[in-house]
Visitor: 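Please find one structure pasted underneath; my questions will follow.
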Amino acid sequence: MSKARGVVAAGHELTVAAGAEILEDGGNAFDAALAGAFMTFVAEAVFAAPGGGGFLMARRAGRTEAALFDFFVETPLKRRENAAFFPIDADFGPAKQEFHIGQGSSATPGAIPGLFAIHEALCRLPMKRLAEPAARAARAGFPLSAFQAYLFTVIAPILTASPGVTRIFAPGGKPMAAGKIFRNEKLGECLEWVAEDGPRLFVDGDVGKAIVAEQVSGGGHLGHDDLARYRVALRDPLCWTHRGAAVALNPPPAASGALIAFGLAYLNAVVRAGGAVDALTLRLAMAAVNQARAAHGEDLSARLAGGLLAEELREAGRHAGSYRGTTHVSVIDAEGNAAAISLSNGEGNGFIVGDFGFMLNNMLGEKDLMHGGLDAWRPGTRLSSMMAPTIILEPDGAITALGTGGSNRIRSAILQVAANLLDHGMGLDEAVEAPRLHVERDGRVSFEPGLAQEAENAFRALGPQADAWPARNLFFGGVHAARRDQAGGLDGAGDPRRGGRSRIV
C-alpha cells in the first residue's frame, strides 16, 4: 500500500476532491489549498468568489515559523458621493440580519492577486493545473447540496437582485433547490483565462475593465487605480504559546488572532489558579475577550496578558471591520507542509461582473463597519477581519491546520477547538464536533446541546439572556481541520455544521 500523500478538509465535497486530485498529481499542500480555493468560487459561491479576499497561514515542512499571506479587501482610494447602496434582509429562520448590497458596497478585491502571490512563493504545479478542477466543475455542473441550497434561500434577495445574478443562481426568479444541477460556465471560462493570463486580467485585462466600467456606471467607488495599486501583504503571524504548543494566529489588522490569543491567555490564567477549562470557564473567557475587543487593548489585556496583546488589540481596532460570509480549506501533505486558507466574498454585491460569472464583494455593506456609519470608512485601508486561519505546532512535532467560517463566532469556534485539542487532548473529529457556545457583546449566551449538565443548567438560568439551540448549527462556525501527528500519520475533520468533508489521499 502506497504512503498517503496528504489530507484535505473543507466545506464541500468538491472542494475536498479538488485538493485531493492535486495531491495525487504530485502537488504539495499549497498547490492543493489553491485548487481548493478555486473550487470554493464554484461550489461555495455564497461564501467565496474571485471578487473577494482572504488569508493563507502557511508553514513549510521542517520549519517552526509560519507566514501569513494577507489578501483581504481594501477600502477604495476615493469615496464617491451618493454611491449605489441598498439594504436587504437575510432570513436565517429564527432571525433576520440586514446586509447592504449594490455597486457601492464593494471594496477592492484581493483574491486573485493573493492566489498568484501564494503560487509564486510556495507552489509546485502550474497555475493552469490548479484551476482545472474548478473550471471543469463549473462547466459540467453538479447537484446543489442541501447546505448550499439552504444558503441560497437565506440570501435570496441578493441572488435575485439583478438579471445577471438571477440567471445563474435563481433561474425563473427562485433560488435553486437541493439536487438541482448548478452550472456556471462563464465562471469556468474566467478561471481558465486568469490561470493562463495571470492577475493582470483583473487589472488591465477584460475582467478589470468590466469591474471599473460597471463600478463607474453603477454607482460604485472602485477605479483602475484601486485594482492597480492593490498589494498582497506578507505578515509575521501573531505567535502565542498554549500548553507548550506554538499557535500561529492571524495578526493585525485582522482582529481574530489577538482575540483568540487573549482567550487562550485567560484559560491559562484559570488553569494556573487551579480551575478547569470547562464550558463555564469558556463563557467567562469569551466575555473577557469581548471586553478586550471593546477596550481596544486598554487596561484588561494589560492586566491579564502582561500587556503583550495590548498593541495588537489597539492596532486591530484602528481598522474598520468586515466579518461575514467565510469558508475555509485546510491541507497538510506527507512532507509536513501545512496550509490553512480562509476566503470571503461577504455575500456578494448582487451584480455579476461582465459576463464572467461572479459577483464583487459587498464588504462595505457591514452595518457596523465604522462607528460613524456605513459611509465613514477611511480610503485606501485594509479592512480588519475575523477570519482566523491557524496553525498549531505541538512540542512533539504534531501539526494542525484549521480555520472556520462563522462571522463573529469565528474566534469562539477556534478558541474552543484549540482548547479541545490542547487542554482536553481530544482527537480531531471529537474536538471539531464537540458542542459549542458563544457569548455576544451584550453577554447573551448561545449554546448547543450536549454540554455538561451543570453548564447547561447555569446557562438556562440566565433566562432571556440565553439561547438554547436544539441541535448543532452553522451559527457556531464550521471548523475544517487537518492534522499530522508526530509519527507522520494524517487525520482530517470537516465540520458537519457547515457541510464539511475531509479526505486522506
Visitor: If you count every heavy atom of other residues, nucleotides or ligands that lies below 6.0 Å from Arg229 atom CZ, does the total exceed 12?
Guide: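 Not more than 12 within 6.0 Å, no.
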Visitor: Quick one: does any side-chain atom of Asn250 pair with a main-chain N or O of Ala254 as donor and acceptor, under 3.5 Å?
Guide: no
Visitor: With a 4.5 Å limit on heavy-atom distance, are the side chains of Pro395 and Gln486 in contact?
Guide: no
Visitor: Please identify each residue that fulfils salt bridge (Lys or Arg N to Asp or Glu O under 4.0 Å) with Arg436, with sequence neighbours left out.
Guide: Asp495
Visitor: Within the 3.5 Å criterion, strictly below it, is a donor on Ser342 or His328 matched to an acceptor on the partner's side chain?
Guide: yes
Visitor: Please identify each residue that fulfils side chain to side chain contact (heavy atoms under 4.5 Å, CB included) with Ala388, with sequence neighbours left out.
Guide: Ser256, Ile260, Thr390, Ile410, Ile414
Visitor: Is it the case that the side chain of Arg59 and the backbone of Arg63 share a donor-acceptor pair, with hydrogens and angles ignored and the cut-off at 3.5 Å?
Guide: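 Judged by distance alone, yes, a pair lies under 3.5 Å.
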Visitor: Just verifying a value: how many Å separate Asp226 CG and His224 NE2, rounded to the nearest 0.5 Å?
Guide: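 With rounding to 0.5 Å, CG (Asp226) is 10.0 Å from NE2 (His224).
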Visitor: Main chain of Gly346, side chain of Ser344: is a donor-acceptor contact present, judged purely on distance under 3.5 Å?
Guide: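 Indeed, once roles are kept as given, a pair shorter than 3.5 Å links the two residues.
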Visitor: Under 4.5 Å between any side-chain heavy atoms of Leu259 and Met386, yes or no?
Guide: yes
Visitor: Can Arg497 be said to sit on top of Phe476's aromatic six-ring, NZ or CZ under 6.0 Å from centre and within 45° of the ring axis?
Guide: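 Geometry flag: not set, cation outside 6.0 Å or 45°.
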Visitor: Could you tell me whether a side-chain N or O of Tyr230 sits under 3.5 Å from a main-chain N or O of Phe71, the two making a donor and an acceptor?
Guide: yes
Visitor: Run the salt bridge (charged side-chain N to carboxylate O under 4.0 Å, His left out) test on Asp70 and Arg382 for me, step by step, so that the C-alpha distance in whole Å, both residues' side-chain angles and the decisive distance to 0.1 Å come before the verdict.
Guide: CA-CA 9 Å; Asp70 176 349; Arg382 193 69 54 103; 2.9 Å; yes
Visitor: For Glu21, which residues count as a salt bridge (Lys or Arg N to Asp or Glu O under 4.0 Å) partner, sequence neighbours excluded?
Guide: Arg129, Arg136
Visitor: Do the side chain of Thr404 and the main chain of Gly477 share a donor and acceptor less than 3.5 angstrom apart?
Guide: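 Checked: no pair found.
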Visitor: Side chain to side chain contact (heavy atoms under 4.5 Å, CB included), that's the test. Do Val445 and Arg283 meet it? Break it down for me.
Guide: CA-CA 8 Å; Val445 180; Arg283 177 202 170 196; 3.7 Å; yes
Visitor: Heavy atoms, side chains only, cut-off 4.5 Å: are Leu68 and Asp236 in contact?
Guide: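 A side-chain contact is absent here, since even the closest heavy-atom pair is not under 4.5 Å.
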Visitor: Under 4.5 Å between any side-chain heavy atoms of Ile391 and Pro237, yes or no?
Guide: no
Visitor: Name the orientation class of the two ring planes belonging to Phe38 and Phe41 (parallel below 30°, tilted from 30 to 60°, perpendicular beyond 60°).
Guide: perpendicular
Visitor: Should Val42 and Leu191 count as side-chain neighbours, where that means a heavy-atom distance under 4.5 Å?
Guide: yes
Visitor: Does Leu437 offer a backbone N or O that forms a donor-acceptor pair with the side chain of Gln416 under 3.5 Å?
Guide: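 Yes, because the side chain of Gln416 sits within donor-acceptor range (under 3.5 Å) of the backbone of Leu437.
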Visitor: Between NZ of Lys3 and CG of Leu490, what distance do you get to the nearest 0.5 Å?
Guide: 8.5 Å
Visitor: Determine the minimum heavy-atom distance between Asn361 and Gly51, stating which atoms define it.
Guide: ND2-O, 2.8 Å
Visitor: Verify whether one side chain among Ser412 and His438 offers a donor that lies under 3.5 Å from an acceptor in the other.
Guide: yes
Visitor: Could I get the full list of ring-ring contact (aromatic ring centres under 6.0 Å, His included) partners for His221, not counting sequence neighbours?
Guide: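 For His221 the ring-ring contact (aromatic ring centres under 6.0 Å, His included) partners, ignoring immediate neighbours, are Trp377.
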Visitor: What residues, two or more places apart in sequence or in another chain, satisfy ring-ring contact (aromatic ring centres under 6.0 Å, His included) together with Phe358?
Guide: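 Here the qualifying residues are Phe202.
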Visitor: Answer yes or no: is there a side-chain heavy-atom contact under 4.5 Å between Thr326 and Leu343?
Guide: no
Visitor: Going by atom types alone, do Glu44 and Thr15 pair a side-chain donor with an acceptor below 3.5 Å?
Guide: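 On atom types as modelled, these side chains qualify, holding a pair under 3.5 Å.
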Visitor: Quick check: closest heavy atoms across Ala340 and Ala401, and the distance to 0.1 Å?
Guide: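 The pair with the smallest heavy-atom distance is CB-CB, 4.2 Å.
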Visitor: Would you compute the distance between atom CG of Asp225 and atom CG of Leu77 and round it to the nearest 0.5 angstrom?
Guide: 6.5 Å
Visitor: Which residues pass the ring-ring contact (aromatic ring centres under 6.0 Å, His included) test with Phe447, sequence neighbours left out?
Guide: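 So Phe447 forms a ring-ring contact (aromatic ring centres under 6.0 Å, His included) with Phe459.
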Visitor: Do side-chain atoms of Arg503 reach the backbone of Val16 as a donor and acceptor pair under 3.5 angstrom?
Guide: no
Visitor: Which pairs, with at least one residue in residues 113-124 and sequence neighbours excluded, count as a side chain to side chain donor-acceptor pair (under 3.5 Å)?
Guide: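 As it turns out, the side chain to side chain donor-acceptor pair (under 3.5 Å) pairs with a partner in residues 113-124, which skip direct neighbours, are Arg124-Glu335.
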Visitor: Hey, what do you get for CG (Asn362) to CG (Asn345), rounding to the nearest 0.5 Å?
Guide: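 The CG atom of Asn345 is 7.0 Å from CG of Asn362, to the nearest 0.5 Å.
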Visitor: Nearest 0.5 Å, please: how far is CG in Leu402 from CG in Leu421?
Guide: 7.5 Å
Visitor: What heavy-atom pair brings Ala481 and Ala9 nearest, and what distance separates the two atoms?
Guide: O-CB, 3.3 Å
Visitor: Output the distance between atom CG (Leu234) and atom CG (Leu56), rounded to the nearest 0.5 Å.
Guide: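 Result: 10.0 Å between the selected atoms.
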Visitor: Scan residues 238-256 for pairs that pass salt bridge (charged side-chain N to carboxylate O under 4.0 Å, His left out), counting only residues two or more places apart or in two chains.
Guide: Arg243-Asp423
Visitor: Do Glu440 and Asn290 meet the criterion of a side-chain donor-acceptor pair at a distance under 3.5 Å?
Guide: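 Absent: no donor and acceptor within the cut-off.
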Visitor: Go through the side-chain N and O atoms of Trp193 and Asp197 and say whether any donor and acceptor fall under 3.5 Å apart.
Guide: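 Indeed, the side chains of Trp193 and Asp197 share at least one donor-acceptor pair under 3.5 Å.
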Visitor: Is it the case that the side chain of Asn337 and the backbone of Phe30 share a donor-acceptor pair, with hydrogens and angles ignored and the cut-off at 3.5 Å?
Guide: no
Visitor: Under a 4.5 Å cut-off applied to non-hydrogen side-chain atoms, are Val331 and Val7 in contact?
Guide: no
Visitor: Could you work out, with side chain to side chain contact (heavy atoms under 4.5 Å, CB included) as the rule, every residue matching Ala276, not counting sequence neighbours?
Guide: Asp278
Visitor: If you look only at pairs with a residue in residues 478-492, which of them pass as a salt bridge (charged side-chain N to carboxylate O under 4.0 Å, His left out), with sequence neighbours excluded?
Guide: Glu394-Arg483
Visitor: Which heavy-atom pair separates Leu267 from Ala419 by the least distance, and what is that distance?
Guide: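 Closest approach of Leu267 to Ala419: CD1-CB, 4.1 Å.
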Visitor: Passes salt bridge (charged side-chain N to carboxylate O under 4.0 Å, His left out), Arg5 versus Glu24? Steps please.
Guide: CA-CA 7 Å; Arg5 295 180 181 272; Glu24 290 175 329; over 6 Å; no
Visitor: Regarding Ser105 and Asn349, do their side chains bring together a donor and an acceptor under 3.5 Å, going by distance alone?
Guide: no
Visitor: Can any side-chain N or O of Thr75 pair as donor or acceptor with the backbone N or O of Thr381 at less than 3.5 Å?
Guide: yes
Visitor: Could you tell me whether a side-chain N or O of Asp333 sits under 3.5 Å from a main-chain N or O of Gly6, the two making a donor and an acceptor?
Guide: no
Visitor: Applying side chain to side chain contact (heavy atoms under 4.5 Å, CB included) to Val194 and Val207, what does each step give before you reach the verdict?
Guide: CA-CA 9 Å; Val194 74; Val207 178; over 6 Å; no
Visitor: What are the two closest heavy atoms between Val73 and Gly53, and how far apart are they?
Guide: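 Taking every non-hydrogen atom into account, CG1-N, 4.1 Å.
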Visitor: Go through the structure and list residues passing side chain to side chain contact (heavy atoms under 4.5 Å, CB included) with Ala434, not counting sequence neighbours.
Guide: Asn420, Met426
Visitor: Could you pull out all residues at least two apart from Phe55 that satisfy ring-ring contact (aromatic ring centres under 6.0 Å, His included)?
Guide: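 Listed in chain order: Phe72.
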